[in-house]
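Below is one structure, written out as structure tokens; the observations come after it.
Model, not experiment: these values are computed from the prediction.
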Protein chains: 2
Amino acid sequence: MSVNLKQLAKALNLAPSTVSRALRDSHEISADTKERVKKLAAELGFEPNPFASSLRQSKSKTIAVIVPEIENNFFSQAMNGIELVAQQKGYHVLIYITHENFDREKSILQLLRNGRVDGLLISISNNTKNFDHLDEYVHAGVPLVSFDRVYESAAIPSVTTDDVTAARKATEHLLAGGCRHIAFLSLAEGLSISSRRKQGLQDALKKHRQVTATTIECSNDDESNRILIRKLLQQKQRPDGIFAAVEKLAVNAYEVCQELKISVPGKLKIISFSNSASTALFDPPLSTIVQPAREIGEEAAKILFKLIDKKVLIPSEKKQILPSFINARKSSAPK
Amino acid sequence: MSVNLKQLAKALNLAPSTVSRALRDSHEISADTKERVKKLAAELGFEPNPFASSLRQSKSKTIAVIVPEIENNFFSQAMNGIELVAQQKGYHVLIYITHENFDREKSILQLLRNGRVDGLLISISNNTKNFDHLDEYVHAGVPLVSFDRVYESAAIPSVTTDDVTAARKATEHLLAGGCRHIAFLSLAEGLSISSRRKQGLQDALKKHRQVTATTIECSNDDESNRILIRKLLQQKQRPDGIFAAVEKLAVNAYEVCQELKISVPGKLKIISFSNSASTALFDPPLSTIVQPAREIGEEAAKILFKLIDKKVLIPSEKKQILPSFINARKSSAPK
DNA sequence: CTGTTAGCGCCTTCAT
DNA sequence: ATGAAGGCGCTAACAG
């Protein structure tokens, strides 16, 4: 391919090591030499071979991000934040999408246990019930930080939103609007976000003994979700409020409401976690709980780089929690 | 870190070269030895050091994807397709987001001219007017394929949708609905997708001399876009049809229509390129031109791997065009 | 301040 | 069917 360090050194009548040091601005090289070296390097478009340098230094200047999906505003915004911080740090970002597949998640972790990356950010697949692959990975000594869908382990730092509080507030919002029977559309029982958001709902209900709640376990399949929701909304005692754990499920609920001609918010109020701005254009505009997705990505990356740089984390950094906020719109408006 | 080839070899009482061959299923190794080697390798979780092997073979088993943004269903779906194909090929994917910044795009290309990747997929930033950085890159001999927002160069294969045809059909759809003054919301004059989509619009208008068209040059900034659209819709002779080149601009148009209480589709019909399924829930449901985003990503990746594998492309592969389809909804319905 | 030497871990001749 | 040796390109240790 292009020119290498040795050739560059020969052209300059210098030793390769001198050239190497000059390019890395070592203090033990004369300003004069540095200039000469950098000039020719720029002219020849020299770029050090990253593999030789990684091999030598056991540092890849690369991190990996593992996400369940990317076609989802939360994850793409988080990705934006991660990429930004990595860019500033001069790091490269490898992306892996598990498509909510546990085996894929496991094999990626295995693949990355060879120094290809200096660290790893992960948001867990909703089919992951066993975390040995994460424990083993951490045990191998490579920094790992989880975000949003986290693994609750003392050894793994995490960055999330205040799911419990946000869910409690969302529920209180529905209660204030007059709801007396709330359905919680959950993504996957085992997921950290599902259990926390459900916890928030239950917290809110403690002061409201007369209010009943139902949990509907949904999946990644739109059609089967719609079937579940249709069944829910065709009951005699159907709910008057829906709290969706992720946007996808609110969309499914809207579809069913249109089909069954259920008036929102008249007969049913809906609120959902969502990071999509265009929910404001829905009919009716969807009330959302918005996570600071980009910041979550940024913070997770910053924590990861602290670990990579062998800095010690202060306790608040180990389990970082960023607040979400509620965007109340017409879908949950009181009469 | 973990175990390396030499240690594995010693544990097996074999030479490193034998172990290396066994793991790569070389035909000159006995089935017996292969089995022994693979068993222990799996037990110890051995993964060859990727940098040593890349250095030795001058192959990185990695591709890069450069996109203007990721918080956009088109790009995230394309990314999905790319990642899928790469995964099947045993390749890793580096992601770079330019945020529509030309300098960033340029510096990434420079960074990648050192063998870090075996190939590159790019969708061009809307502020890119000069393509020297791409030409130089290709000249350096590294495979590059552009998709969606492409650089029209004979040397660079591309994968796009049939922008001209799709735009023509979308325009004809508005015309059939009765529109007589169409506004085209364009993203950036220089972009391949902008000029092609505008071309399609003009093609459709050729048979309709009495119809007038206006082009509004929009940007990445929502607020200034809304100002432009507001001005457009407050004219005496305001348009009765809007064709938005990208979803973002249709969203801006909806916002302004709500603000100005312009009835859609009564007074104004709207159609837009979009890959977001939830446009069906908009008020009114948005008519969209849907690109096969995932397939575009997949095809682009497949072409890239053909180049990487030194296969010769047949002419139809050099400029691949996949059809979009129109999803007519209420926003463009005739009276 | 600059040069020499050695080795990161792997794969690929070449030899046996 | 297996082993021995060399080198990919870079940088860190050691000289001077």
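Using a 4.0 Å heavy-atom distance criterion, B:S53 is classed as a sugar-phosphate-only contact. Residue contacts shown for A:L55 include a base, since a base heavy atom lies under 4.0 Å away.
Using the six-membered ring where Trp is involved, A:Y151 and A:F131 have ring planes that are parallel, under 30° apart on the 30 and 60° scheme.
Within residues 20-36 of chain B, the residues having any heavy atom closer than 4.0 Å to DNA chain D are, in order of number, B:R21, B:H27, B:E28, B:I29, B:S30, B:T33.
Sequence order on DNA chain D of the closest nucleotides to B:N13 and A:S17 puts B:N13 first from the 5' end.
For B:E152, the CD atom is densely surrounded, since the number of other residues' heavy atoms within 6.0 Å is greater than 12. A 6.0 Å sphere centred on CD of A:E35 holds no more than 12 heavy atoms belonging to other residues, nucleotides or ligands. The number of heavy-atom neighbours closer than 6.0 Å to NZ of B:K106, taken from other residues, nucleotides and ligands shown, is 12 or below.
A:R56 places its CZ atom 10 Å from the P atom of C:dG9, with the value rounded to the nearest Å. Per the geometry, CZ belonging to A:F51 stands 24 Å off P belonging to C:dG7, to the nearest Å. To the nearest angstrom, C1' of C:dG7 lies 13 Å from CG of B:N49.
Protein chain B contacts DNA chain D over a range whose 5' and 3' limits, counting nucleotides with an atom under 4.0 angstrom from a non-hydrogen atom, are D:dA1 to D:dG9.
Taking 4.0 Å as the cut-off between side-chain N and carboxylate O, A:K59 and A:D118 do not count as a salt-bridged pair.
Taking side-chain N and O atoms only, B:Q57 has no distance below 4.0 Å to OP1 or OP2 of C:dC10.
For residues 71-85 of chain B, the side chain to side chain donor-acceptor pair (under 3.5 Å) pairs, not counting sequence neighbours, are A:E71-B:Q77, A:Q77-B:E71, A:R104-B:E83, B:E69-B:N72, B:E83-B:Q87.
Using modelled atom types, one side-chain atom of B:R36 and one backbone atom of B:L12 make a donor-acceptor pair closer than 3.5 Å.
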For A:L111 and B:E47, what are the C-alpha separation, side-chain angles and deciding distance, and is it a side chain to side chain contact (heavy atoms under 4.5 Å, CB included)? CA-CA 7 Å; A:L111 262 182; B:E47 287 284 342; 4.2 Å; yes

